[in-house]
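Naming convention: chains lettered A, B, ... in sequence-line order (proteins, then strands); numbering from 1 in each chain. Keep in mind the model is a prediction, meaning the values are calculated, not measured.
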Amino acid sequence: MRIAQVTGFLGSGKTTFLIEVAKELNSRGLKVATIVNDVGHINVDRKCMEVHGIDTMEISGGCICCEVQGTLTTTVTNIYMSFKPDVILVEPTGVAIPLGLKQAAAQTVKKMPKILEQSPIVTFVDAMRIEKLMNNVRRLVETQIIEADAVLINKVDAVSEERLRSVTELVKGLNPEVRLIYGSARTGQGIKEVADLMVNGEAVVYDLSDAEDRFDKKYGE
Amino acid sequence: MDQKERQLLTHRASDELGKFSMWIRLYIKDPLDGKRSEEMVLDLMNGITKECFARGADMIGHVKSFLTAEGGSTISVSLIDLDIPPTVQNRFDGTEMMRGELIVHVIVHGLWDPQVRETSLEFTKGFMAERSIDYEVINDFYEKEKRVKD
């Protein structure tokens, strides 16, 4: 079973894109479950997923990447016991950071080492709004890109080629080695590629032995 | 450093976003078809967002909603910028709505959570009164733990 997490600022199109990825995985005969982690205790994303017939559970009370990391393990275990999917897609809040997500998933993998693997983390970058976001929430957006295993530049059908080049340069400047995918839920671009990455991409192994120290050094000072 | 402290430091340092969500039940005297229901939701979301900007917000994080009418018809709306048309998925089946439940999330940059909450609830009150729509707030939520200390 794979746990595949995405990150990306609010409104970057994660829910809409993941619905299409889930449909693609279903069409390949794979069983998919999703976990959404929305603001507070009132969840919109879960409802959006469920109207498409996608089995969805929610985690509330904080952000998976830090505050409720332990809850992810419990939720994944419950899904495995009741449904045994091939892939669990996890959509955290738009302020989640990849390092925290990797740590949360690693804790879960540690509890189920023979059953569960962590897929590469895909950060969604909103090609339409990136400039505004870099002006207002630069640190968060940069962190999401720098710590990503792959970056999906999303909504590419809605921007000019010039803007697309500029966003590409920005992403490569921050994370030169990152795998870059261009996507649009509207046109279907990138959906098969992200689905492939989630089920066949090299599993992420995250060392938990000094995870807290590394996290504190980076964010706690 | 414990988990709670780490979470606060991480998110306060990075986002400065005000967040609020509400779940309301609607009692509509003049039944709304799918088109008018969609307009109602869009007007409410635009109105709340503009009022947040009038009170100091400088960017939308994400304003989104999900309406469920009696019988199961749904409308979901996502707004990320006042200059970008909202994304709407209208799944009304031709019936008219007299009862419904609406979830609204308002996340904006530049206002703290209690201000977003106050702005959203005040605007909703006036908006519903203008349209003679009775409503009750089933639940509302804002992340008290992330606001600035008093």
For this session: Answer yes or no: is there a donor N or O on one side and an acceptor on the other, between the side chain of H109(B) and the main chain of V137(A), under 3.5 Å?
Result: no

Beyond-backbone contact of [X] with [Y], side-chain heavy atoms, under 4.5 angstrom:
X       : Y      : value
K155(A) : I80(B) : yes
L133(A) : M59(B) : yes
T16(A)  : T87(B) : no

Exercise. Which bit of I84(B) comes within less than 4.5 Å of chain A, counting heavy atoms only: side chain, backbone, both or neither?
Worked result: side chain

For this session: Show your working on side-chain contact (heavy atoms from CB on, under 4.5 Å) between D45(A) and K64(B) and close with a plain yes or no.
Result: CA-CA 9 Å; D45(A) 293 340; K64(B) 57 187 175 180; 3.0 Å; yes

Exercise. So, D81(B) and K132(A), do they make that salt bridge, N to O below 4.0 Å?
Worked result: yes

Exercise. With a 4.5 angstrom heavy-atom cut-off, which part of D126(A) approaches chain B: side chain, backbone, both or neither?
Worked result: side chain

Can you tell me how far the [atom1] atom of [X] sits from the [atom2] atom of [Y], to the nearest 0.5 Å?
X      : Y       : atom1 : atom2 : answer
F66(B) : E50(A)  : CZ    : CD    : 8.5 Å
Q89(B) : C48(A)  : CD    : SG    : 7.0 Å
L10(A) : H105(B) : CG    : NE2   : 11.0 Å

For this session: Please report the C-alpha distance between V104(B) and V44(A) in whole Å, then the side-chain angles of each, then the deciding distance to 0.1 Å, and finally whether the side-chain contact (heavy atoms from CB on, under 4.5 Å) criterion is met.
Result: CA-CA 8 Å; V104(B) 180; V44(A) 169; over 6 Å; no

Taking atom [atom1] of [X] as the centre, report whether more than 12 heavy atoms of other residues, nucleotides or ligands fall under 6.0 Å from it.
X       : atom1 : result
E162(A) : CD    : no
R131(B) : CZ    : yes
E122(B) : CD    : yes

Exercise. Picking from I138(B), V63(B), D58(B), I103(B), which has the most non-hydrogen pairs under 4.5 angstrom with chain A?
Worked result: I103(B)

For this session: Start with the C-alpha gap between T74(B) and K47(A), add the side-chain angles, then the distance that decides, and say whether side-chain contact (heavy atoms from CB on, under 4.5 Å) holds.
Result: CA-CA 10 Å; T74(B) 63; K47(A) 289 186 174 294; over 6 Å; no

Exercise. For the candidates T15(A), N135(A), V141(A), V51(A), which exhibits the highest count of non-hydrogen atom pairs separated by less than 4.5 Å from chain B?
Worked result: V51(A)

